[in-house]
Structures are given as structure tokens and as C-alpha cells.
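Worksheet: the structure to be examined is printed underneath.
Computed over heavy atoms, backbone and side chain alike; hydrogens, waters and symmetry mates excluded.
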Amino acid sequence: MARTGPASTARRTLLWLAALIIACTLAVGGGVLAGATTWAPKLGLDLEGGTQMILAPKVEGTSNIAAEQLDQAVSIIRQRVDGSGVSEAQISTEGGRNVVVSMPGKPTDEERNLIKASANMNFRPVIAATQAPTGAVPEAERTAADKLPVPTAAPLNASDPNWVDAALMKQFEATSCIAPLTERPTTSDANKPIVSCEPDTGFKYILGPVEVPGKWIKTASYGLQSGAQGATTNQWSVQLTLEKPQGADAFKTVTQRLYAKYLANPNDPQARFAIVLDDSIVSAPASQAVITDGQSSITGNFTEASAKALSDQLKFGSLPISFEIQSEVQISATLGLQQLEMGLLAGLIGLGLVVIYSLFQYRALGLVTIFSLVIAGVLTYLAIVLLGWAENYRLSLAGVAGIIVAIGQTADSFIVYFERVRDELRDGRGLVAAVENGWERAKRTILASKAVNVLASLVLYFVSVGSVKGFAFTLGLTAVADLIVVFMFTHPTLQLLARTKFFGEGHSFSGLDPKQLGAIPLYRGAGRFRTPEETAAVVKGKNVRAAGEAERRQTIAERRLAAKEAEMVGSKGAGAAKSESSASKESK
């Protein structure tokens with residue numbers, strides 16, 4: 001039969017904590033061996049330097065860019081960069097005309113292309129499409145001049161084949177969507193048809209004019225598709241929501257027309273709707289329903305990565321103006337190693353003061369605080385390295401400040417717990433019972449304190465920008481690490497130490513000596529119990545400060561109980577005095 005009890009539970013909890021640390025260490029080690037990450041955390045722009053790109057708006061002639069347009073562009077580019085997993089990026093305007101993007105490290109081609117993709121995203125209906133990757137038609141095989149299409153009437157809608165004239169057909173035949181690709185303009189007239197390629201498939205398209213501009217996209221997300229019975233399938237899809245009423249009404253009109261073509265022939269290219277970014281097709285799904293509420297679901301052979309990429313492009317693809325990268329240079333650290341060293345020195349000084357206070361105040365029990373801080377530091381470090389590997393998280397100087405501030409918050413948890421245990425010892429309980437009772441009282445306070453810390457961190461993270469996000473993130477991360485350490489190391493360790501001779505018998509250097517704490521046992525021996533006067537004496541002498549601190553940390557319920565007990569003691573004293581007075585009168 002398996003042994004149960006606080007001691008065996010404590011051992012199992014410590015083993016789970018060890019397993020967690022080992023698993024995280026092995027994960028980082030595996031990434032290092034695979035060359036995907038390093039043992040050092042990724043550093044932010046202020047500590048490592050990075051790449052600075054200056055984006056110049058593309059305008060016609062001498063047109064000016066409005067400040068509102070530039071601000072909106074900065075906001076969308078920031079969303080794009082943050083959405084790609086890059087943290088601590090700095091995006092600002094320069095001279096009221098250019099946008100400056102500073103990113104830590106060296107951006108990947110994917111990140112660079114994401115920033116370059118600054119043209120408007122639009123929805124265009126498909127007029128014609130190839131069913132296979134298609135290159136340019138050899139000149140000898142191109143359509144003769146007398147057989148080129150001639151529109152017979154004005155186009156009735158954006159899907160009308162009358163948009164295709166001789167010039168457009170010549171462009172279609174001369175365009176290659178497989179290597180070598182034909183250079184095509186990255187911006188075009190929204191009111192005219194275009195020839196475009198779908199890079200992922202190499203298919204070639206003739207697209208009608210823009211019917212739904214990307215600025216009407218409200219939001220986009222991705223996830224596993226639900227079946228007809230509501231069960232989740234293994235197919236990824238992208239959910240799209242359009243602004244009302246313009247976007248939803250326009251989408252309804254388009255899907256009504258395309259869905260009619262889909263019902264007539266599911267393979268009709270004109271039943272498809274192309275999502276176009278920089279005049280390149282991101283996706284061209286068929287319209288399989290009439291969308292009346294502006295909420296559409298795009299399905300296809302998506303993987304999780306491709307669904308996320310399309311979702312990001314839909315969310316962040318619409319810019320009021322387009323840009324071109326004017327310059328791209330490598331920049332050095334803005335603060336440098338010296339500031340990082342000063343920050344680490346400040347952290348070490350704070351940590352040293354906490355260690356000295358713990359050993360002075362709690363003697364050997366302070367060692368539990370030191371080991372708890374070490375484990376909290378190890379967990380935080382491994383989490384930062386793993387997040388840097390998986391989510392490209394980068395540690396900035398503001399993040400270092402968040403970790404330093406967390407040292408004091410972590411120590412506060414131990415102080416609350418230890419003082420509760422000491423209060424229980426002063427009440428005359430044994431150490432084993434004092435640890436359990438003290439934990440039950442301290443646990444509520446610690447959980448409430450950390451919940452406030454995490455909530456404040458979340459609010460600060462979501463309402464702030466730039467390096468302040470780094471401070472909020474590390475503050476929340478260390479609060480979670482503190483909870484893990486207190487619940488999985490500090491309390492189980494104290495449960496086991498309470499059963500040792502050194503702590504259990506109250507050695508004078510243990511920090512839990514009942515005599516030094518002024519404790520008076522409930523049972524005094526020989527049938528005598530502790531009197532109310534002896535309980536009051538506990539708070540005298542050396543225990544005044546500790547009792548005052550304990551009183552300040554009492555909950556409302558504990559204060560009311562203490563007041564009730566004091567009232568009962570007072571009534572007993574008054575009753576005894578009255579009896580003595582009566583006895584005195586009788587003797588007279």
C-alpha cells in the first residue's frame with residue numbers, strides 16, 4: 001500500500017518540481033544540440049543591437065502624406081512585426097514622412113518580406129485561371145492579333161469576361177508564374193482588371209476590379225474547422241470578419257453572384273474570389289455560400305502555419321499607403337553591455353540584501369529562502385530561453401528591471417509564510433502542526449498577492465507599447481514562477497524539515513525555537529492549561545514587534561475572532577472581580 005501523509009505528499013511534490021526543471025533543461029539542451037537555440041537568452045534591441053529599416057511612402061507626383069495616414073501605417077506595421085513574433089521592435093515616424101523600423105538581431109527573409117508587403121490588400125473576383133502552374137506562352141504560340149478577344153459590351157460586374165480585351169490577353173500570355181517569373185507592378189488601379197500569379201501554386205489568373213478593399217477587414221483568426229455536428233475536425237481554416245455595413249454588404253453582393261456560379265459548376269473559375277496582396281494572390285477560394293453577416297470561413301489544404309500566415313496577412317495586410325525600403329543598416333546596441341552589467345549588479349546587490357536579512361531574521365530557515373530564490377531564478381531563466389526559442393522573445397533592459405523587482409516580491413511570499421508558522425508556534429502548537437496551519441493561513445495571502453501582480457502585469461502588457469511590454473512580461477512571468485516555487489518547493493521542504501531533529505526540536509539556530517519566540521504551550525503539565533493572562537504575556541518583551549506585524553497582517557475574520565476572544569476574556573475577568581466583591585461584602 002502506498003504511503004500517504006504530508007511527508008510523502010511533500011516528497012512527491014518535490015519530485016514533480018525536479019521533473020519540471022529537468023524537462024525544461026532537456027528541451028533547451030535538445031534545441032542547442034540541434035542548433036536551433038543557445039543556452040543564452042535572446043537579447044533585445046537595446047542590449048544586442050539589430051537592423052534598422054527606413055520605409056519611404058510610395059506616392060504619385062508631389063502628393064503629400066497626411067499625418068493620420070502615417071500614424072495608421074505605423075500602427076499596422078507594428079501589428080505585423082509583433083504578430084510575426086518579433087519582440088522589442090521600435091517603429092516610429094521620421095520627418096513626418098518616413099517610417100523607421102528597428103528590430104533586434106537580423107530579421108529573417110520572412111520577417112523582411114512581411115514588412116515589405118506594405119501595399120493594400122484587396123479582394124478581386126476571378127475572371128479566368130489556369131489549372132496548373134503556367135509560364136509565359138512562347139511567342140510563336142500566342143494568339144494571333146485577329147483572334148484576340150474584343151469586348152462585346154460594357155462589363156456588368158467585376159466577374160464579367162468583357163473586361164478581357166486584347167491588351168489584357170497579351171499580358172496574360174506573356175506573364176510567367178513559374179521561374180523565371182515575369183516582373184509585374186506591385187500596385188495597380190483598383191478599378192481595372194489585372195493579371196496575377198498565386199506564388200504557392202504557380203497558377204495564373206485574370207482578376208476583375210477590386211470589389212472589397214482590405215480596409216474593410218475587421219479581424220481574422222485561424223483554428224481547426226468544426227464539422228456539421230459541431231465536432232472539431234483536423235482541417236485548419238481561417239475565419240474572416242468584415243466591417244459593417246460597407247464590408248458586409250459588399251461581401252454579400254459578391255458571394256451571391258459567385259455562389260450562383262458555384263452551384264452551376266463547382267469547377268468554374270469565376271466562382272472564386274482572390275485575396276490579393278501586392279498584386280500577388282494570397283489565396284483564391286471558391287464561394288460555397290452566400291455570406292450575409294460579413295463573417296466568412298476560408299477553407300482549403302491549410303497547415304497550421306499556412307493558416308496562421310493567411311490570418312496574419314488578412315489582419316495586418318491593409319495599409320492606407322504603400323512603402324518601399326529606402327535603406328537597411330545594422331545598428332549597434334543603444335545601451336550596451338555596460339548598462340546590462342549595471343542592471344545585473346543592482347540585482348545582485350538586492351539579492352544579497354535579501355539573503356542577509358533572511359539569515360539574520362530566520363537563521364537556518366533563511367537557507368530555504370535562498371534555495372527558493374535560486375530555483376525561482378532557474379525556472380525564470382529556462383522559461384526566457386524557451387520563449388526566445390519558440391516565440392522569439394527577447395530580453396531587454398526593461399525586462400531585466402522586471403526580474404530585479406520580482407526578487408522583493410518573491411521574498412515577501414516567504415516572509416508571509418514563515419511569520420504565519422511562527423505565530424502558530426507562539427500559540428503553543430508543535431512545529432508539524434504549525435507548518436500545516438501556518439500554510440493554510442499564508443496560502444490565501446500569497447495567492448491574493450500574486451493574483452494582483454499577474455493582473456497588473458497583464459493590464460500593463462496590453463495597454464503599453466515598446467520596452468514597457470518587456471517589463472510587464474517579466475513581472476508576470478516571475479510572479480508565476482514564484483507561485484510554482486512556493487507551492488512546489490518552499491512548503492514541501494518546510495514539511496520535511498519540520499520532521500527533522502534540528503528544526504523539530506527547535507534548535508536555537510533553526511529560527512523556529514519556541515523559547516526564543518516566547519511560546520507558552522497550551523498544556524502546562526500536571527493537569528494545568530495555559531491561562532488567558534499567559535497568552536497575553538506572549539506578546540510582551542521580544543515578541544512585541546512580531547506580534548504587531550502579525551496583527552497588521554490579520555484578515556478581517558481573524559481580527560473579529562481576536563476581538564471576540566478579548567471580549568470573552570474581559571467578561572470573565574469582570575465576572576471574577578464581581579464574585580470577589582460579593583464575597584467581600586458577605587464577609588463584612
Side-chain angles (χ1 to χ4, degrees), residues 6-7 9-10 13 354 357-373 376 408-453 479 482-500 502-507 510-522 530 535-536 538-540 542-566:
T9 302
T13 305
V354 171
Y357 172 80
S358 298
L359 294 177
F360 175 78
Q361 179 71 13
Y362 299 109
R363 306 293 195 276
L365 190 60
L367 294 174
V368 179
T369 302
I370 297 171
F371 281 111
S372 299
L373 287 172
Q409 295 180 348
T410 303
D412 185 63
S413 300
F414 307 141
I415 292 173
V416 170
Y417 182 25
F418 294 162
E419 289 300 330
R420 295 295 191 197
V421 174
R422 285 182 154 193
D423 288 344
E424 295 293 330
L425 288 175
R426 292 187 185 99
D427 282 346
R429 290 186 175 84
L431 182 55
V432 173
V435 167
E436 299 302 331
N437 291 346
W439 172 244
E440 289 302 320
R441 296 172 59 192
K443 184 168 60 178
R444 296 192 298 269
T445 306
I446 294 172
L447 284 174
S449 172
K450 297 308 166 187
V452 171
N453 289 343
D482 180 24
L483 278 178
I484 294 175
V485 170
V486 170
F487 276 78
M488 300 186 70
F489 178 77
T490 309
H491 175 54
T493 301
L494 218 59
Q495 284 180 305
L496 296 178
L497 291 178
R499 289 163 172 79
T500 62
F502 181 80
F503 286 93
E505 295 183 357
H507 192 280
S510 67
L512 298 171
D513 182 6
K515 294 181 180 178
Q516 291 182 347
L517 296 174
I520 298 177
L522 290 172
R530 188 176 64 191
T535 300
V538 171
V539 300
K540 295 181 179 178
K542 296 181 179 180
N543 300 315
V544 170
R545 292 184 179 180
E549 178 66 18
E551 185 177 357
R552 284 193 294 273
R553 292 178 180 273
Q554 281 181 334
T555 63
I556 294 176
E558 290 171 341
R559 291 179 188 278
R560 290 177 177 174
L561 179 61
K564 186 176 181 180
E565 290 177 349

**Prompt:** What's the shortest heavy-atom distance between V486 and P492, and which atoms?
**Reply:** O-CD, 4.3 Å
**Prompt:** If only atom types and distance count, is the side chain of R441 paired as donor or acceptor with the main-chain N or O of N437 below 3.5 Å?
**Reply:** no
**Item:** Heavy-atom closest pair, residues F489 and V368
**Value:** CE2-O, 4.1 Å
**Residue F371 excluded, over 12 heavy atoms near CZ under 6.0 Å** = no
**Over all atoms of both residues, closest heavy-atom pair of A7 and L496** = O-CD2, 3.7 Å
**Item:** Minimum-distance pair of heavy atoms, taken over all atoms of S510 and R363
**Value:** C-CB, 4.0 Å
**Complete:** Between the CG atom in L367 and the OG1 atom in T493, the distance rounded to the nearest 0.5 Å is 11.5 Å
**Item:** E440: partners by salt bridge (charged side-chain N to carboxylate O under 4.0 Å, His left out), with sequence neighbours left out
**Value:** K443
**Distance, nearest 0.5 Å, that separates OG of S372 from CD1 of I484** = 13.0 Å
**Message:** Can you tell me how far apart OG1 (T13) and NE2 (H491) are? Round to the nearest 0.5 Å.
**Reply:** 8.0 Å
**Message:** In the structure I gave you, are the side-chain heavy atoms of V432 and F503 within less than 4.5 Å of one another anywhere?
**Reply:** no
**Fill in**
Rounded to the nearest 0.5 angstrom, the CD-CD distance for E424 and E436 is 11.0 Å
**Item:** Y417 and T369: CA distance, side-chain angles, deciding distance, side-chain contact (heavy atoms from CB on, under 4.5 Å) verdict
**Value:** CA-CA 11 Å; Y417 182 25; T369 302; over 6 Å; no
**Prompt:** Side-chain contact, heavy-atom cut-off 4.5 Å: I370 with V354?
**Reply:** no
**Request:** Report the C-alpha separation of T445 and R420 in whole Å, then their side-chain angles, then the decisive distance to 0.1 Å, and conclude whether the side-chain contact (heavy atoms from CB on, under 4.5 Å) test is met.
**Result:** CA-CA 10 Å; T445 306; R420 295 295 191 197; 3.6 Å; yes
**Asked** Do T490 and W439 touch side chain to side chain, with heavy atoms closer than 4.5 Å?
**Response** no
**Fill in**
dist H507:NE2 -> T500:OG1 (nearest 0.5 Å) comes out at 11.0 Å
**Asked** Which atom pair, heavy atoms only, marks the closest approach of A434 to L425?
**Response** CB-CD2, 3.8 Å
**Request:** Check the angle between the aromatic planes of Y357 and Y362 and answer parallel, tilted or perpendicular using the 30° and 60° thresholds.
**Result:** perpendicular
**Request:** Using the salt bridge (charged side-chain N to carboxylate O under 4.0 Å, His left out) rule, collect all pairs that involve residues 482-491, keeping only residues at least two apart or in two chains.
**Result:** K450-D482
**Message:** Could you check whether any side-chain heavy atom of I446 comes within less than 4.5 Å of a side-chain heavy atom of L483, counting everything from C-beta outward?
**Reply:** yes
**F418/L365 under side-chain contact (heavy atoms from CB on, under 4.5 Å): CA gap, chis, key distance, verdict** = CA-CA 9 Å; F418 294 162; L365 190 60; 3.8 Å; yes
**Stepwise side-chain contact (heavy atoms from CB on, under 4.5 Å) test for S358 and F414** = CA-CA 9 Å; S358 298; F414 307 141; over 6 Å; no
